[in-house]
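Quick notes on the structure that follows.
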Number of protein chains: 4
Amino acid sequence: MTEHDIKDQSLATGGRFRIDWAEQEMPVLRAIRERFEKEKPLKGLRVSACLHVTTETANLMRTLQAGGADVVLVASNPLSTQDDVAASLVVHDEIPVYAIKGEDDETYYKHLSAAIDHKPQITMDDGADLVSTIHKSRREALETIIGGTEETTTGVIRLKAMAKDGALEFPVIAVNDSDTKHLFDNRYGTGQSTIDGIVRATNILLAGRTLVVGGYGWCSRGIANRASGMGANVIVTEVNPMRALEAVMDGYRVMPMTEAAKVGDIFVTATGDIHVLDTHHFEVMKPGAIVANSGHFNVEINLKGLRKISDGDPKLVRPFVEEYSINGRPVYVLGEGRLINLAAAEGHPASVMDMSFANQALGAEFMMLNAETLKNQVYTIPADVDMEIARLKLEAMGVGIDKLTEEQETYLNQWQEGT
Amino acid sequence: MTEHDIKDQSLATGGRFRIDWAEQEMPVLRAIRERFEKEKPLKGLRVSACLHVTTETANLMRTLQAGGADVVLVASNPLSTQDDVAASLVVHDEIPVYAIKGEDDETYYKHLSAAIDHKPQITMDDGADLVSTIHKSRREALETIIGGTEETTTGVIRLKAMAKDGALEFPVIAVNDSDTKHLFDNRYGTGQSTIDGIVRATNILLAGRTLVVGGYGWCSRGIANRASGMGANVIVTEVNPMRALEAVMDGYRVMPMTEAAKVGDIFVTATGDIHVLDTHHFEVMKPGAIVANSGHFNVEINLKGLRKISDGDPKLVRPFVEEYSINGRPVYVLGEGRLINLAAAEGHPASVMDMSFANQALGAEFMMLNAETLKNQVYTIPADVDMEIARLKLEAMGVGIDKLTEEQETYLNQWQEGT
Amino acid sequence: MTEHDIKDQSLATGGRFRIDWAEQEMPVLRAIRERFEKEKPLKGLRVSACLHVTTETANLMRTLQAGGADVVLVASNPLSTQDDVAASLVVHDEIPVYAIKGEDDETYYKHLSAAIDHKPQITMDDGADLVSTIHKSRREALETIIGGTEETTTGVIRLKAMAKDGALEFPVIAVNDSDTKHLFDNRYGTGQSTIDGIVRATNILLAGRTLVVGGYGWCSRGIANRASGMGANVIVTEVNPMRALEAVMDGYRVMPMTEAAKVGDIFVTATGDIHVLDTHHFEVMKPGAIVANSGHFNVEINLKGLRKISDGDPKLVRPFVEEYSINGRPVYVLGEGRLINLAAAEGHPASVMDMSFANQALGAEFMMLNAETLKNQVYTIPADVDMEIARLKLEAMGVGIDKLTEEQETYLNQWQEGT
Amino acid sequence: MTEHDIKDQSLATGGRFRIDWAEQEMPVLRAIRERFEKEKPLKGLRVSACLHVTTETANLMRTLQAGGADVVLVASNPLSTQDDVAASLVVHDEIPVYAIKGEDDETYYKHLSAAIDHKPQITMDDGADLVSTIHKSRREALETIIGGTEETTTGVIRLKAMAKDGALEFPVIAVNDSDTKHLFDNRYGTGQSTIDGIVRATNILLAGRTLVVGGYGWCSRGIANRASGMGANVIVTEVNPMRALEAVMDGYRVMPMTEAAKVGDIFVTATGDIHVLDTHHFEVMKPGAIVANSGHFNVEINLKGLRKISDGDPKLVRPFVEEYSINGRPVYVLGEGRLINLAAAEGHPASVMDMSFANQALGAEFMMLNAETLKNQVYTIPADVDMEIARLKLEAMGVGIDKLTEEQETYLNQWQEGT
């Protein structure tokens, strides 16, 4: 039997149905899997993946396996695991999985260890926890590793900080930096699934509410756009003047969080930074304010600080909704400040993950072929691979586009013709 | 012990938490309950309510009870009952409830019978099933009934047909015709919750999909607006030229369903009519088309016809998602064609039901005071009551508005002043 | 030579080109004209029209003439006349016109007099100035008048006040109350053309500006919608709680004008009432605030009050832009507070006026046929005429819609079938 | 008297008023001018600018002059010159201007020659006509030139083609590549002003029309967004799969132009390429189709081809609207296929040009200081200058943003902390 640490094997059948449902929405990954099955480009490659254990990830794992890879999967977040999916991967695909929804910190790190024990040649990260743990405390694993891939903005920030410090010991593909990843997954995926997570957790009407989005990066502008599309009045906070100006021009109000805190009904953070919502913000919020996070780590909301200024322990008033009380005024925190789209909903829809994970699969292949020539830096997937993923996606959607005529091609390359 | 037929009393505590959560979003109903508690305007009044058994309905029941009414509640739809709510009403409030999620047709009608056995003086309907059953087969109940209220567009259409036929035997308040009901509940409530139901059932990305909305009444324009806000490309079908023209001017494509059927990815009906999606539509749909209903009755999608042209029985591929296969091409039907927002999600958010149910509570009070002078017709709540509900809602949201100055008041009433 | 008082006959050719251009966008009116030409239903009918003298009005005049009517046209607003159109009507169509762009008040009323001297049988009004003048000071004209039509919300409010006072001496068709008028002309027409007027007058970027709309009736919600579509952050002010609540749910901020005055960059009024922007509002506006009106009469902005608190006379800084200075802080008033879409732009696009003026033409015909049986009240055009206009419009746009099947028709008329 | 070739000096006063009006909307440029006045960083620098002669450009010219530069201005487009602005610059500022609205091709190139005769040290281009002419036929001018700046996407494409060919003889700053330029000017500026140009030229209602946008670059997505905001149903055509996919996800229909040509009511090109609308497209358009260009050069619409398949000469039916007839079916071309926002409206609003021209002014200063160290390549303005422009703009708009706390700064730079 495949090694594993999962919740319950009997959930496997339901998991398989859901994995198949997602697979229908992932035509690009499917095309890659079909090629992988024939070509076996990852033959014998040991891959340790630390990702959200969802139906989409399951399809990525099966694609890598089809390519010949020897894969292990562990959770990249204690709350995001879909236990039926974990079961199906173990039971139907014989892929070792270590992930249990709601696992405590100790278990989380034990699972991380299992991934490292696999002696990976390639790491596949979502938030850089695997890379970071290896560099900090499991350096013996560095020996076999030829490279890694990283899914998130947050992880890429960490890796670039490592590279800048000269601390990074192998090359990493920043999957997040592919256009087919961050322009789609971060914007449309996070946009819809964050709204979905908030609505499932609270069932509140968004129309007519003031919703404050922390940040105006790709994720946060997706959230702002969709919240606005649901009838909310959106306020954006930023530290970057360029993005702040874009938010203003897009018709949103922009103000410092200390001001926004006073007028918001709902708050969502997606900045990649720490304590975007801090004690002095909670103190001025309206009674009944709802607070959620959609950034990778659960550090954006200062929950310790909130606890400190609260009257007693938080109270669970609905699944994923905890009531903190500040001098009698309630503040509601969703999903313990973890990624709300994964905690209370099902994460990104498969059709965006299709492209993100096409980048993962092709990133692993690229790393296998090119690791020797790469430095210990953070790399982006080649532009033509990125563009090809977009092309495949359009084709799968049945959307036709134009082709440059010869005349047009020529025109773009000459500079003599004028007004 | 209170009489009842519910799933499981032990669910009561969870139900109570969720009822309380909803209650926070229902400040108008709360204000009414506080007055009712003091004034007891419904003292001794027997009310039989046939409504969706949700957290919001629970708050309406408690309001009527606070007003002195003797209430019984049964389900208005076999799929929409929230079993924990039913339990809490029985256990904590001693209100008889007859409703079990997923009950079969026989049980559904048995429950309806229990409501009639209560010998109601006032009926409270959501779709007119109670009124219609009494008129068809339980006419002895007419003796005690002084009037009724009706929640939905669909029900109001039925009741007006009855009144037109001279068949209606008592006056009914069309709650749906209040501005504070249909302008808000139908538009913003149905809009958000339908999207919510579809996303929970399927977890598909709406951005980039072609979504076809059957109808452009208040419900369907809410759906069109929100789908568009989530990035879908929306097509509207209509039979009414005025509404069709509005849809065109609002930027949507409008076409007959036979054409829309060929290009849509997702279909949602909300017309109040039968077989909006019929056999000849399914036959031309793209493989993988998703079909849902948000109208009151499960007649808008011709499921029998679909079954007839399908290869074998439908297959449940995810909760609330059944795959029919037409010559090998899959068509997915959500929630068995029942109201998707109640089948797969939690129905309308509390903050819109707040106003709808304020109309119900005040409608019952109005009926009690005025039944004798009313004819056996369909009535609308007086405009000033309707406006007062809006005023209370704004006040609760902390939104200030202007007041006509004396000068402005005068200006509006004179006609001499010119250019 | 046709009698007239216009700017310059030599402008006729340019006017004719523009009238023909508009005509292409008016297929419904064209269909009516073709029938009128054959049937001559208005044969010999004297009509005095007091309307904005625009290309669209010219097409209405030609339609009435084709129907056999003897028509005179005068301006309903001193600033809205298109002098080339006036010239073309006189020169090419031999229709007497009395209208000069920028005419002073005395001339305006002299022209009104000319319309009354025509001894009309039917009056056609835009703001009820003709009806009101006749009732106040030219009562001898009442003798020949059988009825009238009125185009605007503002005029209808005046007429209803007259009818309520028992002062109205003949029946009037409220064209504005037709669905094919106010749902389209007021909303989409005023929406686009008001934005157009503001941009032509100022050439400022709307994106990123806070735009305050006075009112949330059909006109003002059109303005709010389009301003939002151009990237402005929109605030709505209202006196009506129902409308205010709709504005909130539509995602706008709602607040009293005294608060909005402090934060707005641009202000537009469209309420039909007086002094929506008053002295105490101007006093708190930001330096550089821009103020425009899109309501029928130039009373919505208290210009006299503004003048009184200003330092000296206003200064024309661009065509249609006057700078008032309050203690050194500039406030800019557009188009002297008159309808900005007509003052600085070309009024409503022809394709919406198509339906409004179809209502005018059919309203005149209806009045001719039914005047005897009508009371001295304000009437709406029959619903089937209204619906037929919508149907013709869709047909002309090449938009197909569905038809109820027999099964559907039956379903809607029965009430027995249930859940 | 200052040398010049302009329409009419007597227009100067009106021009000055309008220049001052624009200046109010250009606080960033004003701040730069104030510094330039003190520091005179461009003292003695000869600058030849080939730009659209608009109120905003006038303010740039005055800024350069304030910095000590010796400036000459010529038109970069025969149709875009505002004659009153040209007059004011000559009369009030003593800046030589060579530009007349509607000038023929010969005059256009004569004016270009005058700019070169000025023996510029720095060229300032909008479309690269000045640079291209110098390289092709006035190479003696290369002697004094130290560098140039370029405003547009189109110009930058040309310059990069030149650099790639090794043909570029001096370094050029691609102002267009600054974030504060293309993210704002191209998107919000072109978006609004293109709609403005189309509406002024035609006065048609956009709501309910199918509008086809050629391209989905920054300019074209601005147009798509605003057209959609005005109620149009938008179709996008693209050659780039990544952009096409974004357009799909943004809710637009995407298809090849040959298909779009059949269903569009209005067409706008903004691709930077040639013959985006070609003969075979015109042949399948609906009667009455309207065609406009918003790209830099008038090559995007194949007018010669259109002429060839037309019945006789085009007919001017309104200012800026020419009717071509193909077998009796009319096609309307706006503004002779030139930039519609400049041909029929006033170009970009001042508040976006504020940032673009801040880049121009600082680009000239940067070139003066750094020309010696630069290669004959295309450069972008340093990121910190770009960011500072955004910061100044926000400050001028009174918008506050957040600052990273020390804790947040630290967090972003470390990589150890995990889940």
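Just the heavy atoms: all of them, side chains too, but no hydrogens, waters or symmetry mates, feed the values below. In what follows, chains are A, B, ... by sequence order, proteins preceding strands, each numbered from 1.
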Side chains of D:Gln408 and A:Thr271: closer than 4.5 Å at any heavy-atom pair? no

Tell me the closest heavy-atom pair linking D:Ile401 and A:Pro256, and the distance in Å. O-CG, 4.1 Å

Who among A:Thr405, A:Leu392, A:Asp250 has the most heavy-atom pairs with chain D under 4.5 Å? A:Asp250

Partners of A:Thr154 by side chain to side chain contact (heavy atoms under 4.5 Å, CB included), sequence neighbours excluded? A:Thr152, A:His296, A:Phe297

Any chance you could measure A:Ile389, atom CD1, to D:Leu245, atom CG, to the nearest 0.5 Å? 11.0 Å

Side chain, backbone, both or neither of D:Asn225 within contact of chain A (heavy atoms, under 4.5 Å): neither

Can you tell me which of D:Met355, D:Met255, D:Glu259 forms the most heavy-atom pairs within a distance under 4.5 Å of chain A? D:Met255

Note: vs chain D, highest number of non-hydrogen pairs under 4.5 angstrom among A:Lys403, A:Glu246, A:His275, A:Arg391 is A:Glu246

Flag the pair D:Val248 / A:Met397 as yes when at least one side-chain heavy-atom distance between them is below 4.5 Å, and no otherwise. yes

Which atoms of D:Arg187 come close to chain A, meaning under 4.5 Å heavy atom to heavy atom: side chain ones, backbone ones, both, or neither? side chain

Quick check: do A:Lys164 and D:Asn413 have side-chain heavy atoms less than 4.5 Å from each other? yes

Which atom names give the shortest non-hydrogen contact between A:Met387 and D:Pro241, and what distance separates them? SD-CD, 3.6 Å

Pairing residues for D:Thr279 by the side chain to side chain contact (heavy atoms under 4.5 Å, CB included) criterion, not counting sequence neighbours: D:Glu283, D:Asn302, D:Ile309

Relative to chain A, which segment of D:Val236 carries a heavy atom at a distance below 4.5 Å: side chain, backbone, both, or neither? neither

Residue from D:Gly400, D:Gly272, D:Ala260 scoring the most non-hydrogen pairs under 4.5 Å with chain A is D:Gly400

Using a cut-off of under 4.5 Å for heavy-atom pairs, which of D:Leu404, D:Leu112, D:Thr133 has the most such pairs with chain A? D:Leu404

Using modelled atom types and a 3.5 Å cut-off, is there a donor and acceptor pairing between side-chain atoms of D:Asp402 and backbone atoms of A:Met257? yes

Heavy atoms only: give me the nearest A:Glu407-D:Asp278 pair and the separation to one decimal. OE1-OD2, 4.3 Å

With a 4.5 angstrom heavy-atom cut-off, which part of D:Leu183 approaches chain A: side chain, backbone, both or neither? side chain

What one should report as the nearest heavy-atom pair of D:Ala161 and A:Leu412 is CB-O, 4.2 Å

